[in-house]
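Since the structure comes first, as structure tokens, the remarks are kept for the end.
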Amino acid sequence: MRRLLPSISLAVLLRAAAIAVLVFASCVYSLALARSTGSAPSLWIANGILVGGLLRLPKRDWWPYLLFGFAGTVGAQLVLHISPLVALELAATDTLEILIVSGAIRRQFPEIPRDVSYPNLSRVALASTLVACVPSALLAGLTIHIAQGTPLLAYAETWYRAHVFGIVIVATLTWVAFIKKWRIFGAPGKRWPFVRDMALLAGTTFAVFAQSRYPLLFLIYAPLLLAVFRHRFAGLVVGIALIAAITNIATALGSGPFNLILDGSRTEHALLAQVFLGMVCLISVPLALILAERRHLEAKVRESELRYRILADYAGDLVMRIRPDGQRRYVSPSIKDLLGWSVEDFSVPRPDLIHPDDRERVAQAVAELHRAGGSTMTTYRIRHKDSHYVWFEALARLVPSPDGDGVMEIIYTGRDVTQRVTAEQALADSERRLRTITDNVPAVIAHVDASERYTFINAYVEQVSGDDPREMIGKTMHEVRGEQIYGDLKGHIATALGGGTAMFEYEADYKGRHLCFQTNFVPDRDPEGCVRGFYALTTDITHIKDVEQELSRLARFDTLTGLANRRHFDERIAMLLLQKYRQRSPLLLMMIDVDHFKRINDSWGHGVGDEVLKAVGQRIQACLRKNDLVARLGGDEFVALIEDVESSSIAEELARKIQAAMKREIAVGAVRVKMTLSIGVAFCQSVASADAFMHIADTALYEAKADGRNTFRMAMHEPGFSQEPVLASNGVSFR
């Protein structure tokens, strides 16, 4: 409640309070009148007041009216000494009834304009009232039955009639009063006829109910129908309200023609009053609705005729009625502004004003229109009075002449479209230039609509895939790209059509070549922001990928020997150590130095030294398997990393095999060089780190060099061996 209060204006709260006062007064009046006369209320006014008020308000402003109305209803019943619990339950029932009726009407008519169709509105209002009063009558009957012992259906029947008539009569009066305000009594200065006719109706009704000897109810219909004929809907609602008020008061006081029924009870009199009011509504309401609708339609027709005449006379378009012989029955004044000619100048046929290049085409269009009927649209040039030509877009339709002579005339509507045609020509030139640019950009540029069909693609696609871009238009991406490539693109297509931007790479085979592409998908949105497709920009990046692969190879391989370098070796040993640690399987590492390599460079130069290093690397690699890693760490230092070695004896055999491979001389041109190797071997199952592993192998290498070179030493960490590396002078040690 506190959150809602700031959104309600003070004016709304004051009007709601005023409605609450009316509700309170009407409830006191109805209940007091019924109690004093010993009869049931024949017209419940309060709900009609609230329904009529709510129909003129936005739904957000309903709650203060309902709250104040609820309080007014409860207060009136408490003043008349009805128990608080019963008062609350009956007020809640009233509120439910009001909400059902108001909600149903506003559901069909979210906004009720002044020119609303009264028959449609009345039909919805009556149906919702008849339905809404059923649950409210049953709930009220149940409440009174429990509280006072009154028969449920008897009370529900009385409640139903009183509430139906109350809403139909009072809600209509309230709604009309809200719309017309003081104009309900007529326009200022012309209110006397309305007051006079209402006074006549009120006087007649009063005279009929002031006596009880003659059944003169029929006398009331004449002044009521007169009021309806003269004042339409305002006369209806005010007249019925006056009749209902006088009828209810007189019947409750025991006066009027209903007393002609001998031994009739007050309840029967109230029922007859309701029947009478129903007949009054049944006779007058349809007539009022017909008159209101007829008046509404006549006003629309007059407004339409005036509007079209104004449109024809003052519209910027040229409007003409043209007879079969070319004579103009009507030429709109806009001809002066559009072409500089007067209406009189243009009232006779002027084919000479049409551009020579367009005359035959226009004549054919007119002849075809007279032959086939219907309508046609033509764009052509017509000469201005100042001698320059103006582009016109003309819509011509063949219709029967309004003169009723059976002749078919042409209704012509033409407008100056020079700016549009000029813009279209400029746009066409721009599109041609854009097409030339896009066709020569070294990238595939395409547009795909929401159904994944190509609507544009530049000519470069033919250089990439060999496809004709003209044949691709209208086909889906799935049809053009094929199952495999479309499967790679599908997720990115969904992203683009969902409003996101997608940048990705993919590979494909075209013209016997394996190509790499980088693609951008950018959503195409309409002016309202809805995605209607996407743009695709695809670039061939095969050469970039080739360069990247070469750079990657250079970053991980030694440029001299082609073997792996230190970076590659570090990555591989770290990965294998982690893998072998989990599997608890051994790993073999050999640290290899070329003995006395410096002498080669000093004796024959670095060129010969480089060739020697290449030969050493090749011989080491030839002794091992393809998946074993041989790397040059720098200078004359090599390393071999071998996995899946089952025992230390195999490790020893590999070391001896590598040494044996060096027994042959290395020939570099005329130079013959014989080289030997010192090898440190680490055979380990579990080691803390790559540095520790290399330290073990390096220590073994140091021992091999210390023992005279051209030999190997092995250090082992195997299950069953000690955790410290053990070196042996004969090349291998066991403990």
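Values in this document were obtained by computation on a predicted structure and should not be read as measured data. The analysis underlying the following values was restricted to heavy atoms, covering all of them including side chains, and did not include hydrogens, waters or symmetry mates. Each residue takes its place number in the sequence, starting with 1.
Under 4.0 Å is where a charged nitrogen must lie from a carboxylate oxygen, and between Arg532 and Asp449 no such pair does. Ionic pairing of Arg415 and Asp317 is present here: one or more N-O contacts between side-chain nitrogen and carboxylate oxygen are shorter than 4.0 angstrom.
The two residues Val101 and Ala132 come nearest to each other via the heavy atoms CG2-CB, 3.4 Å. Val124 and Ile105 get closest at one heavy-atom pair: CG1-CA, 4.0 Å. When all heavy atoms are compared, the tightest approach of Thr93 to Ala140 is CG2-N, 4.2 Å. Pairing each heavy atom of Pro523 with each of Gly500, the nearest pair is CG-O, 3.2 Å. The nearest pair of heavy atoms linking Ala91 to Phe70 is CB-CE1, 3.5 Å. Taking each heavy atom of Pro257 and Leu217 in turn, the nearest pair found is CG-CD2, 3.9 Å.
Taking 4.5 Å as the limit, every side-chain heavy atom of Ser451 sits out of range of all side-chain heavy atoms of Thr476. For the pair Phe521 and Phe504, the minimum side-chain heavy-atom distance is below 4.5 Å. Residues Ser83 and Val86 are in side-chain contact: their nearest non-hydrogen atoms beyond the backbone lie under 4.5 Å apart. No side-chain heavy atom of Val531 sits less than 4.5 Å from a side-chain heavy atom of Asp524. With a 4.5 Å cut-off on side-chain heavy atoms, Trp159 and Ile144 do not count as touching. Contact of the Leu318 side chain with the Thr413 side chain is not registered, since no non-hydrogen atoms from C-beta on lie closer than 4.5 Å. Side chains of Tyr330 and Met320 form no contact here, defined as non-hydrogen atoms less than 4.5 Å apart. The side-chain heavy atoms of Phe534 and Thr501, taken from C-beta on, include no pair separated by under 4.5 Å.
The side chain to side chain donor-acceptor pair (under 3.5 Å) contacts involving residues 99-109 comprise nothing, where partners must be two or more places apart or lie in separate chains.
Under the side-chain hydrogen bond (donor to acceptor under 3.5 Å, both in side chains) criterion, Ser375 pairs with no residue, sequence neighbours left out. Listed by chain and residue number, Tyr380 satisfy the side-chain hydrogen bond (donor to acceptor under 3.5 Å, both in side chains) test with Tyr412 (two or more places apart in sequence, or in another chain). Arg453 is linked by a side-chain hydrogen bond (donor to acceptor under 3.5 Å, both in side chains) to nothing, counting only residues two or more places apart in sequence or in another chain. Looking at residues two or more places apart in sequence or on another chain, you find a salt bridge (charged side-chain N to carboxylate O under 4.0 Å, His left out) between Glu393 and Arg420. Among residues two or more places apart in sequence or in another chain, the side-chain hydrogen bond (donor to acceptor under 3.5 Å, both in side chains) test is passed with His478 by Glu483.
Here Cys133 contributes atom SG and His163 contributes atom NE2; the two are 7.0 Å apart, rounded to the nearest 0.5 Å. How far CG of Leu67 is from CH2 of Trp62: 15.5 Å, rounded to the nearest 0.5 Å. Here CG of Leu96 is found 11.0 Å from CG of Leu66. Values are rounded to the nearest 0.5 Å. Leu242 CG to Thr204 OG1: the interatomic distance, rounded to the nearest 0.5 Å, is 11.0 Å. Here the OG-CG distance, from Ser332 to Leu338, works out to 7.5 Å after rounding to the nearest 0.5 Å. Rounded to the nearest 0.5 angstrom, His145 NE2 and Leu152 CG are separated by 6.5 Å.
Side chains of Ser401 and Glu409: a donor-acceptor N/O pair is present below 3.5 angstrom, by distance only.
Arg230 places no side-chain N or O within donor-acceptor distance of the main-chain N or O of Asp197, the cut-off being under 3.5 Å. A donor-acceptor contact shorter than 3.5 Å is absent between the side chain of His447 and the backbone of Thr455. Using a distance-only test at 3.5 Å, with no hydrogens or angles considered, a donor-acceptor pair links the side chain of Gln211 to the main chain of Arg213. Of the possible polar contacts, none joining the Tyr160 side chain to the Leu138 backbone as a donor-acceptor pair under 3.5 Å is found.
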### Val448/Tyr535 under side chain to side chain contact (heavy atoms under 4.5 Å, CB included): CA gap, chis, key distance, verdict
CA-CA 6 Å; Val448 180; Tyr535 298 99; over 6 Å; no
